[in-house]
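Within every chain, numbering begins at 1; the chains are lettered A, B, ... in the order of the sequence lines, protein sequences first and strands thereafter.
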Amino acid sequence: MLDIRYLRENLEEAETRIKSRGEGCSLAGFRELDDRKRKLLYANEALKAEKNRFSEEIAKVKDKSSVRRQIEDMRATSQTIKQQDEELKQLDEELRMFLLTVPNLPSPSTPLGRSEADNVEVRRWGTPPTMDFKAKPHWEVGEALRILDFETGAKLTGARFTLYRGAGARLERALINFMLDLHTGEHGYLEMLPPFMVNRESMTGTGQLPKFEDDLFKMEGLDYYLIPTAEVPVTNIHRDEILKGTELPIRYAAYTPCFRKEAGSYGKDTRGLIRQHQFNKVELVAFTKPDDSHAELERLLGNAEKVLQLLGIHYRVMALCSGDIGFSAAKTYDIEVWLPGQDTFREISSCSNFEDFQARRAAIRFRDGEKGKPEFVHTINGSGLAVGRTVVAILENYQQEDGSVLIPEALRPHMGGMERISLP
RNA sequence: GGAGAGAUGGCCGAGUCGGCCGAAGGCGCUCGCCUGCUAAGCGAGUAUACUGGGAAACCGGUAUCGAGGGUUCGAAUCCCUCUCUCUCCGCCA
């Protein structure tokens with residue numbers, strides 16, 4: 001949510017910045033709605049002040065019959081106030097819905113652009129593995145080793161669900177532990193294991209609702225949703241709180257499964273693990289003071305990159321352009337991992353600075369010292385990493401000509417010393 | 001699922017027959033005083049949001065005692081609905 005006062009005072013500038021996201025985004029109608037509301041609020045409060053003054057006086061009067069006339073008047077005033085309250089509530093709701101559906105302003109450091117094609121490569125790490133055979137896509141590698149079973153996944157549930165078997169299941173679990181151990185042990189994050197379903201307030205706090213209801217799985221007959229990312233429960237841990245300035249920065253790491261409807265991506269990535277309705281992810285979330293958030297994003301990005309570095313997998317970092325960043329983000333880096341089986345880079349992590357956008361929605365504030373005014377924190381989060389896609393990267397980058405897959409050295413302790421996945 | 005208890009400020013906790021209750025008291029915290037150190041003591045201050053005025057310090061208005069609705073000139077206090085927490089019983093990993 002944007003600061004309503006900023007909008008009032010800098011509407012044109014805000015409009016320009018919003019427009020850099022693309023055509024659909026606009027602030028039209030805001031001024032008129034806001035004016036209407038404020039005018040009514042002013043009249044309403046004046047009446048209430050009058051009513052309060054009168055009630056105070058009447059409290060002192062012993063003989064109520066002497067003020068019967070005024071009491072009659074006040075009864076009418078009360079009715080008027082009640083009507084205005086009703087109108088005001090509607091206007092407030094309208095304004096609130098408007099504000100909740102306006103995306104964040106891209107940070108000045110976000111490159112301008114219309115689409116994915118305008119994203120800017122920031123750096124590359126490592127090199128593609130050398131193979132003197134034709135690399136296979138991970139679904140072929142995984143099926144041949146009988147560690148990924150897409151058919152049974154589809155039988156159990158449907159398309160975009162996968163059954164991991166044996167060493168495959170273990171690999172996924174090992175990666176979760178490996179990532180959590182790294183981030184909690186080396187990078188200073190506190191581990192969290194949140195609920196995998198959240199309520200409407202939480203979804204609104206981080207920006208999934210009200211706009212993206214169609215992407216979410218909702219419980220029948222209940223206002224609970226399956227989380228599309230741990231960002232939702234973990235960021236909302238501090239919803240409606242005022243933190244101490246000395247507590248910041250706060251850094252949390254959480255493993256959760258993620259559930260996404262993937263509406264509108266029919267026909268995309270239908271094979272393999274890339275796009276699933278349910279996938280595992282280790283998420284990094286940070287809360288900082290406003291001045292620190294951009295440095296924190298770089299730090300968090302580095303923490304996520306470290307996972308791939310330890311696994312020895314080639315990747316590149318992209319700065320997303322204004323037309324490609326998500327609804328709530330002010331700035332986003334994607335880490336794209338090299339997939340030799342598909343001869344391309346694919347996103348494996350998305351790290352964003354939301355500045356005060358989520359904090360304002362979720363009312364997450366901090367206070368410096370005892371006297372300081374509460375201020376909104378900045379929130380930063382990123383995948384560290386998407387686990388399923390990391391399995392993809394390992395299967396494709398570490399595949400051998402004989403069909404087996406080497407396990408990256410750093411991961412072996414988490415695999416009970418296993419060095420290679422091959423057919424039994 | 002059944003029965004009961006509760007929800008007040010950063011925390012604890014009081015609020016009698018509805019009015020002078022944004023709310024006693026305590027703790028904590030901040031500033032000042034006092035004090036060889038520590039502890040104790042004394043004094044003052046200490047919610048949030050929106051909003052009007054002001055350069056600012058600050059002054060004023062409105063709202064908020066879990067949420068929503070009702071009664072009333074007036075509700076933390078009365079009535080209704082909901083949510084959450086706790087206790088007991090049942091069921092269950």
**Fill in**
Scanning all shown strands, the Watson-Crick or wobble mate of B:C21 with both distances under 3.5 Å is none
**Message:** Under a 4.0 Å threshold between the charged nitrogen and the carboxylate oxygen, would A:E72 count as salt-bridged to A:R69?
**Reply:** no
**Prompt:** What is the base-pairing partner of B:G28, counting Watson-Crick and G-U wobble geometry with both distances under 3.5 Å?
**Reply:** B:U46
**Prompt:** Considering Watson-Crick and G-U wobble pairs with both distances under 3.5 Å, what does B:C92 pair with?
**Reply:** none
**Complete:** side-chain hydrogen bond (donor to acceptor under 3.5 Å, both in side chains) filter on A:Q309, not counting sequence neighbours, yields A:Y315
**Prompt:** Got a second to check how far A:I325's CD1 is from A:T110's OG1, nearest 0.5 Å?
**Reply:** 4.5 Å
**Prompt:** If you measure from the P atom in B:C42 to the same atom in B:A47, how many Å do you get, rounded?
**Reply:** 22 Å
**Min side-chain heavy-atom separation A:N303-A:R251 under 4.5 Å** = no
**Prompt:** To the nearest 0.5 Å, how far apart are CG in A:L91 and CD in A:E94?
**Reply:** 6.0 Å
**Asked** Which whole number of Å gives the distance between the P atom of B:G45 and that of B:C58?
**Response** 14 Å
**Request:** Please state the C1' separation for the pair B:C21 and B:U16 - nearest whole angstrom.
**Result:** 13 Å
**Asked** Which of these, A:V392, A:N397, A:V391, sits in a side chain to side chain contact (heavy atoms under 4.5 Å, CB included) with A:L395?
**Response** A:V391
**Asked** Residues from residues 3-12 of chain A sitting under 4.0 Å of RNA chain B, heavy atoms only?
**Response** A:R5, A:R8
**Item:** Residue whose closest nucleotide on RNA chain B lies nearer the 5' end, A:R365 versus A:R38
**Value:** A:R365
**Request:** If B:G60 has a Watson-Crick or G-U wobble mate with both distances under 3.5 Å, name it; if not, just say none.
**Result:** B:U51
**Minimum-distance pair of heavy atoms, taken over all atoms of A:G205 and A:N236** = CA-OD1, 4.1 Å
**Item:** Per-nucleotide protein contact string for nucleotides 56-74 of chain B, where B marks a base within reach and S marks sugar-phosphate only (heavy atoms under 4.0 Å, - for neither)
**Value:** -----BBS-----S-S-BS
**Message:** Distance check needed: B:U30 C1' versus A:R367 CZ, whole Å only.
**Reply:** 12 Å
**Request:** Quick one: label A:R69 by what it contacts on the DNA or RNA (base, sugar-phosphate, nothing), any heavy atom closer than 4.0 Å.
**Result:** nothing
**Complete:** For A:T152, the side-chain hydrogen bond (donor to acceptor under 3.5 Å, both in side chains) test, sequence neighbours excluded, returns A:D149
**Request:** State the pairing partner of B:A7; accept Watson-Crick or G-U wobble contacts with both distances under 3.5 Å, and report none otherwise.
**Result:** B:U83
**Fill in**
RNA chain B nearest-nucleotide lookup for A:K37 and A:E56: closer to the 5′ end is A:E56
**Request:** For B:U30 versus B:C86, give the span between their C1' atoms, rounded off to a whole number of Å.
**Result:** 35 Å
**Item:** Nucleotide paired to B:U35 in any strand shown, Watson-Crick or G-U, under 3.5 Å
**Value:** none
**Prompt:** Roughly how far, to the nearest 0.5 Å, is the OG atom of A:S107 from the CZ atom of A:R17?
**Reply:** 7.5 Å
**Prompt:** Between B:C11 atom P and A:I242 atom CD1, what is the distance in whole Å?
**Reply:** 10 Å
**Message:** Are A:F196 and A:F259 an aromatic pair, judged by ring center distance below 6.0 Å?
**Reply:** no
**Interface residues of residues 196-209 of chain A with RNA chain B (non-hydrogen, below 4.0 angstrom)** = none
**Asked** Between B:A49, B:G19, B:C84, which nucleotide has the shortest distance from any of its atoms to the side chain of A:Y224?
**Response** B:C84
**Asked** Taking the same atom, P, in B:G66 and in B:A14, what whole-Å distance lies between them?
**Response** 14 Å
**Asked** When rounded to the nearest Å, what value does the distance between C1' atoms of B:G32 and B:U87 take?
**Response** 48 Å
**Shortest non-hydrogen contact between A:V141 and A:G403, atoms and distance** = CG1-O, 4.5 Å
**Complete:** Pairing partner of B:U16, by Watson-Crick or G-U wobble and under 3.5 Å for both distances, is none
**Request:** For the pair A:H187 and A:Y189, name the ring-plane relationship: parallel under 30°, tilted 30 to 60°, perpendicular over 60°.
**Result:** perpendicular
**Asked** Across all strands shown, which nucleotide pairs with B:A75 by Watson-Crick or G-U wobble geometry, both distances under 3.5 Å?
**Response** none
**Prompt:** Mind checking the C1' distance from B:G26 to B:U8? Whole angstroms is fine.
**Reply:** 15 Å
**Request:** Output every pair passing side-chain hydrogen bond (donor to acceptor under 3.5 Å, both in side chains) with a member in residues 414-424 of chain A, not counting sequence neighbours, ordered by first then second residue.
**Result:** A:S404-A:R420
**Message:** Please give the distance between the C1' atoms of B:G10 and B:C82 as a whole number of Å.
**Reply:** 28 Å
